[in-house]
Amino acid sequence: MANLKKTPGINGSSMADISFILLIFFLMVTTMGTDFGLIRQLPPMTDQKNEDEINKRNVFVVSVNANDNLLVKDQYTQVTELREMAKDFFNVNNTGDGYPEKIQKEVPLLGTVTVNKTAVVSLQNDRATSYKIYIQVQNELAGAIHELRNEYSLQKFGKEFDECTQEEQDAISKNVYPMAISEAEPKDVGGKKK
C-alpha cells in the first residue's frame with residue numbers, strides 16, 4: 001500500500017491582512033516630490049472681504065491674451081522686457097507719478113526705511129493663454145522681486161539675499177519687497193484664439 005500522506009496546504013487567510021498593512025505603510029511613508037511648478041504659498045482663506053481699495057498708481061497691471069501677447073501698463077511688451085519693467089516699477093528708490101506711493105516705515109534690523117505703499121501686481125490671463133507664457137510671466141515677475149531683494153540685501157547687509165539669516169530675509173521680504181501678485185480669474189482677454 002502506497003503512502004498517501006499529503007503535504008499540508010498553506011493557510012492564506014492572513015495574506016490579505018499583510019497586504020493591507022503593507023499598503024497602508026507605503027501610503028504613509030511615501031513622499032511625492034515634484035521638480036516643477038511654482039513655489040509659492042497661498043495666503044490663508046478668509047471670510048472677510050478686503051475693504052481696502054488700492055490706488056491705481058500702486059498697481060502693476062499685466063494682461064496676457066489668447067495669442068500670448070503681453071500688455072503691461074497699457075503697452076505691448078515682450079516677456080524678455082517684463083522683468084526690467086517690474087523692477088523699475090517696484091524699486092523703492094524710484095519716485096514720481098509712474099511709481100507706487102511711498103511711505104516711511106520702522107523695520108527691525110533695517111531701521112526707518114522707505115517702502116512702497118501696498119504695491120501689487122495685477123495679473124489677468126485669457127482662458128486660452130498657453131501654459132508656457134503663463135509660467136514665463138510668473139517667472140519674470142518672481143525674478144524681478146528676487147533681484148530687488150538681492151540688491152537691497154547687498155546694500156544693507158553686504159551679502160546676497162539667500163545668504164542672509166531668516167530674520168534678515170523676513171525683514172526685507174515682508175516689509176520692503178513683498179511678493180504681492182493678485183491673479184484674477186481667467187477670462188476672454190482680447191477675443192478668442194484663431
Strictly distance-based, threshold 3.5 Å: is any side-chain N or O of [X] a donor or acceptor partner for the main-chain N or O of [Y]?
{"X": "Gln169", "Y": "Phe161", "answer": "yes"}
{"X": "Asn175", "Y": "Ala171", "answer": "yes"}
{"X": "Asn116", "Y": "Ala119", "answer": "no"}
{"X": "Glu147", "Y": "Ala144", "answer": "no"}

(message) Apply side-chain contact (heavy atoms from CB on, under 4.5 Å) to residues Tyr134 and Asn125 and explain how you reach the verdict.
(response) CA-CA 8 Å; Tyr134 175 79; Asn125 293 295; 3.3 Å; yes
Atom [atom1] of [X] and atom [atom2] of [Y]: how far apart are they, to the nearest 0.5 Å?
{"X": "Thr114", "Y": "Asn93", "atom1": "OG1", "atom2": "CG", "answer": "8.0 Å"}
{"X": "Ile172", "Y": "Leu109", "atom1": "CD1", "atom2": "CG", "answer": "9.0 Å"}
{"X": "Leu110", "Y": "Lys156", "atom1": "CG", "atom2": "NZ", "answer": "6.0 Å"}
{"X": "Glu81", "Y": "Asp88", "atom1": "CD", "atom2": "CG", "answer": "12.5 Å"}
{"X": "Asn69", "Y": "Thr77", "atom1": "CG", "atom2": "OG1", "answer": "10.5 Å"}
{"X": "Gln124", "Y": "Thr129", "atom1": "CD", "atom2": "OG1", "answer": "9.0 Å"}

Applying the 4.5 Å side-chain criterion to the ILVMFWY set and letting contacts propagate, would [X] and [Y] be lumped into a single cluster?
{"X": "Leu71", "Y": "Phe60", "answer": "no"}
{"X": "Tyr99", "Y": "Val113", "answer": "no"}
{"X": "Met28", "Y": "Phe20", "answer": "yes"}
{"X": "Tyr177", "Y": "Leu154", "answer": "no"}

Do the side chains of [Y] and [X] get nearer than 4.5 Å, heavy atoms only?
{"X": "Pro100", "Y": "Lys102", "value": "yes"}
{"X": "Val115", "Y": "Ile103", "value": "yes"}
{"X": "Gln136", "Y": "Ile133", "value": "yes"}
{"X": "His146", "Y": "Asp162", "value": "yes"}

(request) Give the minimum heavy-atom separation between Gln138 and Ile181, together with the two atoms involved. (result)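 The pair with the smallest heavy-atom distance is OE1-CD1, 4.3 Å.
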(message) If I compare all heavy atoms of Leu141 with all of Ala86, which pair ends up nearest, and what's the gap?
(response)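 That closest heavy-atom pairing would be CD2-CB, 4.2 Å.
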(request) Go through the steps for Arg149 and Met179 under the test side-chain contact (heavy atoms from CB on, under 4.5 Å), then give the verdict. (result) CA-CA 10 Å; Arg149 289 176 179 171; Met179 180 79 67; 3.8 Å; yes
(request) Determine, stepwise, if the pair Glu84 / Phe89 fulfils side-chain contact (heavy atoms from CB on, under 4.5 Å). (result) CA-CA 9 Å; Glu84 287 305 317; Phe89 182 79; over 6 Å; no
(request) Please check if any side-chain donor atom of Glu106 sits under 3.5 Å from a side-chain acceptor atom of Thr112, or the reverse. (result) yes
(message) Pair Gln75, Val72 - check side-chain contact (heavy atoms from CB on, under 4.5 Å), show working.
(response) CA-CA 5 Å; Gln75 294 179 19; Val72 179; 5.6 Å; no
(request) Take Lys117 and Asn58, measure what side-chain hydrogen bond (donor to acceptor under 3.5 Å, both in side chains) needs, and give me the verdict at the end. (result) CA-CA 7 Å; Lys117 182 182 176 186; Asn58 298 335; over 6 Å; no
(message) Check this for me: Asp74, atom CG, are more than 12 non-hydrogen atoms of other residues, nucleotides or ligands nearer than 6.0 Å?
(response)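 No, because the 6.0 Å sphere around CG of Asp74 holds 12 heavy atoms or fewer from other groups.
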(message) Using a 6.0 Å cut-off, check whether atom CD of Gln104 has over 12 heavy atoms from anything other than its own residue.
(response)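 Yes.
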